[in-house]
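Structure record follows, encoded as structure tokens.
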Amino acid sequence: MKKLFYPLVLLLAGIAPLMAQKGKALFPDKPGMVSYTYRKSLGKDVAATLDTIKALGITDMEFSSLFGKTAQELRNLLDARGIKCSSFGVGYPDLTNKIDEVAKNAQTLGASFVRVAWIPHQAPFTLATAQKTVEDFNRFGKILKDKYGLSFCYHNHGYEFQPHENGTLFDYIMQNTDPKYVSFEMDILWTFFPGQDPAALLNKYGNRFKLMHLKDLKKGVAGNLSGGTSPENDVALGTGQIDIPAVLTAARKAGVEHYYIEDESANIAIQVPQTITYLKNLKKNKTHR
């Protein structure tokens, strides 16, 4: 029996690490949340909504509005619940006209990132608009970084993927902005919807992507370059068209720092917990390295 026992021990010792690797979580971190997901309830009762979000285990948030509060009032509500605001989203006109106020609010909230999610333009998005965008982004980013120690991020919205030369106008913006001052937040739905591969784009540009919006597109919905689709086309992660494991694997390699769940639909009471459970249960396999 002893002669058989030792080889068996050695065999099991060799298998155990493989079994552990197979069962390793693909997304070991807790996801964050975009305030826009809970925009309706936050507009009515910020404190109660933050309680709901905290009950889901969320402690990292990106705010796209102050919801009628001062930055300090909102910070106090967050601190009382052990929630951090890592990114503060604002409109393009705010950056153009009152960037110092934006920066001070971001600092008060405790955010490290200032994010903008829409470039004012007349469809279709053009090279001339992209050129002006590059100029603006470099200026915004330099002020925020040099004066306030904040990182500027642009959140793609789909319309920037108009063809240009051997790529797209998104490539043009990426390649002509200063990496020292301009980073990006990938919204994976608004990358997939215009026909792009989110994982491939993450592999292409690596650590230019610092933030990510996690959302999925309803099966059967066709995309385009408009930058718009019905909010009800947002579905729980893993139930739509996007290859979420491939995206998360590429995001990890790229060094994405914060992942925020965004669900614009009216079904968040069901879909957000479903998304959180999906992320928690994702496991690595041999294709996710």
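Basis for what follows: all heavy atoms, side chains included, without hydrogens, waters or symmetry-related copies.
Proximity of a side-chain donor or acceptor of Q241 to a complementary backbone N or O of V221 within less than 3.5 Å is detected. S35 places a side-chain N or O within donor-acceptor distance of the main-chain N or O of S64, the cut-off being under 3.5 Å. K98 places no side-chain N or O within donor-acceptor distance of the main-chain N or O of L95, the cut-off being under 3.5 Å. Looking only at distances, a side-chain donor or acceptor of N138 sits under 3.5 Å from a matching main-chain atom of D178. Proximity of a side-chain donor or acceptor of E232 to a complementary backbone N or O of A266 within less than 3.5 Å is detected. Under the 3.5 Å distance criterion, the side-chain polar atoms of T191 are matched with a main-chain donor or acceptor of D187. Judged purely by atom type and a 3.5 angstrom limit, Y159 uses its side chain to pair as donor or acceptor with the backbone of I119.
Between D60 and K30 there is no side-chain heavy-atom pair separated by less than 4.5 Å. In this structure the side chain of I244 reaches within 4.5 angstrom of the side chain of Y278, judged on heavy atoms. Residues L150 and Q107 form a side-chain contact, since some pair of their non-hydrogen atoms from C-beta on lies under 4.5 Å apart. Side-chain contact between I261 and L237 is absent, with no heavy-atom pair separated by less than 4.5 Å. Under the 4.5 Å side-chain criterion, counting only non-hydrogen atoms from C-beta, M186 is in contact with I188. Side-chain contact between T229 and K218: absent, with no pair of heavy atoms (C-beta onward) separated by less than 4.5 Å. Between K54 and I83 the shortest side-chain heavy-atom distance falls below 4.5 Å. In this structure, the side chains of D216 and Q271 stay at 4.5 Å or more apart for every pair of heavy atoms.
For Y36, the ring-ring contact (aromatic ring centres under 6.0 Å, His included) criterion is met by no residue, not counting sequence neighbours. For K40, there are no salt bridge (charged side-chain N to carboxylate O under 4.0 Å, His left out) partners two or more places apart in sequence or in a different chain. Under the salt bridge (charged side-chain N to carboxylate O under 4.0 Å, His left out) criterion, K204 pairs with D171, not counting sequence neighbours. By the side chain to side chain donor-acceptor pair (under 3.5 Å) test, E264 pairs with K215, sequence neighbours left out.
Summarising the geometry of A71 relative to L109, their closest heavy-atom pair is O-CD2, 3.6 Å, with the distance given to 0.1 Å. For the residue pair G91 and V116, the shortest heavy atom distance occurs at C-CG2, 4.0 Å. Across all non-hydrogen atoms, the minimal contact from A254 to G206 is CB-O, 3.4 Å. Listed here is the closest heavy atom pair of R115 and S87: CB-OG, 3.9 Å. Considering all non-hydrogen atoms of both residues, T129 and P120 come closest at CG2-O, 4.2 Å. What you find for V134 and I173 is that their closest heavy atoms are CG2-CA, 3.9 Å.
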message: Set out, in order, the CA-CA distance, both residues' side-chain angles and the distance that settles side-chain contact (heavy atoms from CB on, under 4.5 Å) for K284 and L26, then state yes or no.
response: CA-CA 5 Å; K284 284 186 177 181; L26 179 59; 3.9 Å; yes
- request: Begin from the C-alpha positions of N156 and Q196 and carry the test side-chain contact (heavy atoms from CB on, under 4.5 Å) through to its verdict.
  value: CA-CA 12 Å; N156 64 283; Q196 303 295 310; over 6 Å; no
task: Run the numbers on N76 and Q72 for side-chain contact (heavy atoms from CB on, under 4.5 Å), then give the verdict.
output: CA-CA 6 Å; N76 292 343; Q72 188 60 59; 2.9 Å; yes
query: Can you list the steps and then say if V182 with R208 is a side-chain contact (heavy atoms from CB on, under 4.5 Å)?
result: CA-CA 8 Å; V182 181; R208 293 298 301 277; 4.1 Å; yes
message: I'd like to know whether Y92 forms a ring-ring contact (aromatic ring centres under 6.0 Å, His included) with F140, so could you lay out the CA-CA distance, the side-chain angles of the two residues, the decisive distance to 0.1 Å, and finally the verdict.
response: CA-CA 10 Å; Y92 209 103; F140 298 156; 5.5 Å; yes
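Placement of V34 and L248 in two distinct hydrophobic clusters is found when ILVMFWY residues are connected by side-chain heavy-atom separations under 4.5 Å, directly or transitively. Connection of L211 to Y181 is not established within any shared hydrophobic cluster, with ILVMFWY side chains joined at heavy-atom distances below 4.5 Å, either directly or through further cluster members. F113 is not connected to W118 by any chain of hydrophobic side-chain contacts under 4.5 Å among Ile, Leu, Val, Met, Phe, Trp and Tyr, and they are in different clusters. Cluster annotation: Y259 and L189 are assigned to the same hydrophobic cluster (Ile/Leu/Val/Met/Phe/Trp/Tyr, side-chain heavy-atom contacts under 4.5 Å, transitive). In the hydrophobic cluster analysis, where Ile, Leu, Val, Met, Phe, Trp and Tyr join through side-chain heavy atoms closer than 4.5 angstrom, L214 is grouped together with M61.
Using modelled atom types, one finds a donor on one side chain and an acceptor on the other under 3.5 Å when comparing Y260 with S86. For the residue pair Y154/E160, the side-chain donor-acceptor check at 3.5 Å is satisfied.
Atom CZ of F27 sits about 9.0 Å away from atom CG of L282, to the nearest 0.5 Å. Atom OG1 of T59 is separated from atom CE of M33 by 11.0 Å, given to the nearest 0.5 angstrom. Put simply, NZ on K180 and OG on S183 are 12.5 Å apart, with the number rounded to the nearest 0.5 Å. Interatomic distance, OH of Y172 versus OG1 of T177, reported as 10.5 Å (0.5 Å rounding). Rounded to the nearest 0.5 Å, atoms CD (E262) and CD (E62) are 8.0 Å apart. Going from atom CG of L202 over to atom CE of M212 covers 4.5 Å, rounded to the nearest 0.5 Å.
Centroid-to-centroid, the aromatic rings of F184 and Y205 stay 6.0 Å apart or farther. Residues W190 and F161 place their aromatic rings such that the two centres sit no closer than 6.0 Å. In summary, the aromatic rings of Y38 and F67 are positioned with their centroids too far apart to meet the 6.0 Å limit.
Aromatic ring orientation, F137 versus F152: perpendicular (interplanar angle above 60°, classes split at 30° and 60°). Ring geometry for H157 versus H155: interplanar angle of 30 to 60°, hence tilted.
Sorted by first then second residue, the salt bridge (Lys or Arg N to Asp or Glu O under 4.0 Å) pairs that include residues 121-150, not counting sequence neighbours, are D100-K147, K132-D136, D136-R139, K142-D146.
Summarising the hydrophobic clusters (Ile, Leu, Val, Met, Phe, Trp, Tyr; side-chain heavy atoms under 4.5 Å, direct or chained), the residues clustered with V235 are none.
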